[in-house]
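Comments concern the structure below.
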Amino acid sequence: MRLGMAICLLLLFISSPLIGQEAAHSDSEKTKILALENAWNRAEQNKDAKALDGLLASTLVYIDYDGSFMDKAKFMASVKAPSLHPEQIVNESMTAYMYGDSAVVTGIYREKGVRNGKPYSRRGRFTDTWVNQSGTWVCAASQSTLIGN
């Protein structure tokens, strides 16, 4: 009995630093992913297709606020549309939840700009799923829903 208890205490002692390292690694990855969310906003606002291409998985599944479905090619085309001129895309709040090599980010965004010569303003809630592919985080799925101002 004492031997079993001694082994349990030894394992607990050995694993304690690893648990702290895991939490620190998780926090660092959360910070990185939240920064990528903001980079996505800037890239979309500036119509920077090259930056967006690096942030989005080739298999992106995107469901827009109006329920429309887009793959990566369609999403990239919508961002580059000459009739769209976003002036501001910002997140009010975000939370990242880590699941190994995957993360889910929830938050609220505000966007305003001009589309087809008419000003628009919208506020929505979003859920993005990020995956780590060979050391690089990319967004694999995104969904947004409009909410009141």
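Note that the numbering runs from 1 along the sequence shown for the chain.
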Note: with side-chain heavy atoms under 4.5 Å as the link, the other cluster members for Tyr97 come out as Tyr99, Val104
The side chain to side chain donor-acceptor pair (under 3.5 Å) partners of Asp128 (sequence neighbours excluded) come to Ser142
In short, Ala57 meets Ala140 closest at the heavy-atom pair CB-CA, 3.9 Å
Residues passing the side chain to side chain donor-acceptor pair (under 3.5 Å) test with Thr145, sequence neighbours excluded, are Gln143
To the nearest 0.5 Å, atom CD1 of Ile89 lies from atom CD of Gln45 at 5.5 Å
Grouping ILVMFWY residues whenever side-chain heavy atoms fall under 4.5 Å, the cluster of Met70 otherwise contains Ile33, Leu34, Leu36, Trp40, Leu52, Leu55, Leu56, Leu60, Tyr62, Tyr65, Phe75, Met76, Val79, Met94, Met98, Val105, Tyr109, Phe126, Trp130, Trp137, Leu146
Here the salt bridge (Lys or Arg N to Asp or Glu O under 4.0 Å) pairs for residues 136-147, sequence neighbours left out, are none
| Side chain to side chain, Asn41 and Glu111, heavy atoms closer than 4.5 Å | no
Sorted by chain and residue number, the salt bridge (Lys or Arg N to Asp or Glu O under 4.0 Å) partners of Glu44 (sequence neighbours excluded) come out as none
For Lys47, the side-chain contact (heavy atoms from CB on, under 4.5 Å) test, sequence neighbours excluded, returns Leu84, Pro86
Here the salt bridge (Lys or Arg N to Asp or Glu O under 4.0 Å) pairs for residues 85-99, sequence neighbours left out, are Glu92-Arg110, Glu92-Arg123
Sorted by chain and number, sequence neighbours left out, side chain to side chain donor-acceptor pair (under 3.5 Å) with Lys80 holds for none
Contact check, side chains of Val131 and Val138, non-hydrogen atoms, under 4.5 Å
yes
CD1 of Ile108 to OG of Ser144, rounded to nearest 0.5 Å, is 12.5 Å
Q) Does Asp64 use its side chain to pair, donor to acceptor, with the backbone of Gly67 at less than 3.5 Å? A) no
With sequence neighbours left out, the residues meeting side chain to side chain donor-acceptor pair (under 3.5 Å) with Asp71 are none
Hits for side-chain contact (heavy atoms from CB on, under 4.5 Å) against Asn116, two or more places apart or cross-chain, chain-then-number order -> Ser83
For Ile63, the other hydrophobic cluster members (4.5 Å side-chain criterion, sorted by chain and number) are Val61, Phe69
